[in-house]
Amino acid sequence: MPQSLTKILIHIVFSTKDRIPMIDKAIETQLHAYMAAIFRDLDSPILIIGGRPDHVHVLASMCRTRALSDVIKKVKGESSKWIKTKGDPYRRFFWQAGFGAFSVSESLVEKVEKYIREQDIHHDGASFKSEMRGLFRKHGIAYDERYVWD
């Protein structure tokens with residue numbers, strides 16, 4: 001086949017540093033739009049972005065020529081720089097160092113999109129850590145608690 005064609009759907013999750021709830025309603029829509037533009041510029045358009053004051057979920061169609069870690073590093077770096085320009089409440093904004101990324105089959109796209117849209121429901125009484133532990137279990141990812149949280 002002379003042409004390389006891919007569709008690599010990834011559910012990406014990362015939090016603010018120490019899960020400090022800095023993504024308030026005043027900035028959330030702008031931040032998500034800014035992040036979506038960065039993903040698009042990196043040839044990895046998003047299908048949906050959402051989250052909570054302390055973390056984001058992204059469902060993206062990843063570029064076949066860029067490493068996932070490079071895309072996420074760029075998105076986190078550029079969005080962190082951008083949000084700091086939005087006033088005093090955001091001057092100490094940082095993303096956590098790591099991220100979670102989970103492959104998504106085409107048949108589950110609607111389910112993942114619904115999950116991201118309904119973050120408020122999922123977090124009614126559940127923490128970011130418990131959500132991530134559940135995602136790790138669901139996707140068969142072994143992890144060591146000592147190194148997952150920052």
Side-chain angles (χ1 to χ4, degrees), residues 3-106 108-109 111-113 115-117 119 122-123 126-150:
Q3 188 177 23
S4 299
L5 303 171
T6 64
K7 186 163 189 183
I8 305 167
L9 300 171
I10 304 289
H11 177 191
I12 305 160
V13 186
F14 51 89
S15 80
T16 58
K17 178 97 172 132
D18 298 319
R19 282 153 308 286
I20 297 170
M22 296 191 74
I23 307 169
D24 56 32
K25 293 296 179 192
I27 199 74
E28 180 183 53
T29 301
Q30 293 175 60
L31 175 62
H32 291 175
Y34 191 81
M35 292 171 72
I38 299 167
F39 273 100
R40 185 182 60 247
D41 290 348
L42 296 171
D43 301 318
S44 299
I46 67 162
L47 285 71
I48 187 171
I49 186 170
R52 300 278 296 154
D54 66 346
H55 69 279
V56 295
H57 289 258
V58 178
L59 179 58
S61 181
M62 297 305 299
C63 175
R64 68 177 176 75
T65 60
R66 298 181 195 271
L68 172 65
S69 59
D70 292 342
V71 170
I72 294 172
K73 181 179 180 180
K74 183 79 167 176
V75 169
K76 287 166 62 175
E78 293 299 316
S79 63
S80 182
K81 287 179 203 169
W82 173 85
I83 199 170
K84 287 175 177 138
T85 69
K86 298 302 173 184
D88 287 339
Y90 311 108
R91 297 226 190 277
R92 294 180 178 236
F93 184 94
F94 294 95
W95 292 114
Q96 73 175 112
F99 62 89
F102 314 96
S103 60
V104 176
S105 80
E106 184 67 34
L108 293 176
V109 166
K111 187 174 181 178
V112 174
E113 287 177 332
Y115 180 82
I116 293 171
R117 259 193 318 277
Q119 278 295 291
H122 297 297
H123 285 281
S127 70
F128 172 76
K129 285 183 178 183
S130 65
E131 178 184 38
M132 291 306 296
R133 287 180 187 116
L135 287 168
F136 296 151
R137 276 191 304 276
K138 181 178 182 178
H139 292 276
I141 296 175
Y143 65 98
D144 185 328
E145 287 278 342
R146 295 175 297 175
Y147 306 110
V148 176
W149 318 115
D150 67 353

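Between atom CD1 of residue I20 and atom CG of residue D54 there is a gap of 10.0 Å, rounded to the nearest 0.5 Å. How far CD1 of I49 is from OG1 of T29: 10.5 Å, rounded to the nearest 0.5 Å. Note that the CD1 atom of I141 and the CZ atom of F102 stand 4.5 Å from one another [nearest 0.5 Å]. Here the straight-line distance linking atom CZ of R19 with atom CH2 of W149 works out to 7.0 Å at 0.5 Å rounding. The OG atom of S103 lies 6.0 Å from the CD1 atom of I10; values are rounded to the nearest 0.5 Å. The structure places CE of M62 at 12.0 Å from CD1 of I46, a figure rounded to the nearest 0.5 Å.
Taking each heavy atom of M35 and S79 in turn, the nearest pair found is CG-CB, 3.7 Å. Across every non-hydrogen atom of L42 and R66, the tightest pair is O-NE, 3.0 Å. Considering every non-hydrogen atom in both G51 and E28, the closest pair reads O-OE2, 4.0 Å. Minimum interatomic distance between P53 and T16 (heavy atoms only, all atoms of both residues): O-CG2, 4.2 Å. Nearest heavy-atom pair, L47 versus S61, reported as atom, atom and distance to 0.1 Å: CD1-N, 3.9 Å. The minimum heavy-atom distance linking K76 with Q96 is given by the pair NZ-O, 2.8 Å.
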For the pair E131 and H57, evaluate side chain to side chain contact (heavy atoms under 4.5 Å, CB included) and give the outcome as yes or no after the intermediate values.
CA-CA 11 Å; E131 178 184 38; H57 289 258; 3.1 Å; yes
Between S80 and K84, is a side chain to side chain donor-acceptor pair (under 3.5 Å) present by the stated rule, with each step listed?
CA-CA 6 Å; S80 182; K84 287 175 177 138; 3.2 Å; yes
Run the ring-ring contact (aromatic ring centres under 6.0 Å, His included) check on F93 and W95 step by step: do they pass?
CA-CA 7 Å; F93 184 94; W95 292 114; 4.8 Å; yes
Going through the checks in order, is the side chain to side chain contact (heavy atoms under 4.5 Å, CB included) test met by F94 and M22?
CA-CA 9 Å; F94 294 95; M22 296 191 74; over 6 Å; no
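Using a 4.0 Å cut-off between charged side-chain N and carboxylate O, R91 and D88 make a salt bridge.
You'll find the side chain of V58 stays beyond 4.5 Å of the side chain of I72, heavy atoms only.
Ring-plane geometry between H11 and Y115 is classed as perpendicular, the angle between the planes exceeding 60 degrees on a 0 to 90 degree scale with a lower cut at 30.
A donor-acceptor distance shorter than 3.5 angstrom exists from the side chain of D24 to the backbone of A26, with no hydrogens or angles considered. S44 contributes no side-chain N or O that, together with a main-chain N or O of F39, makes up a donor-acceptor pair within less than 3.5 Å.
Shown here is K74, whose NZ atom has no more than 12 heavy atoms of other residues, nucleotides or ligands within 6.0 Å.
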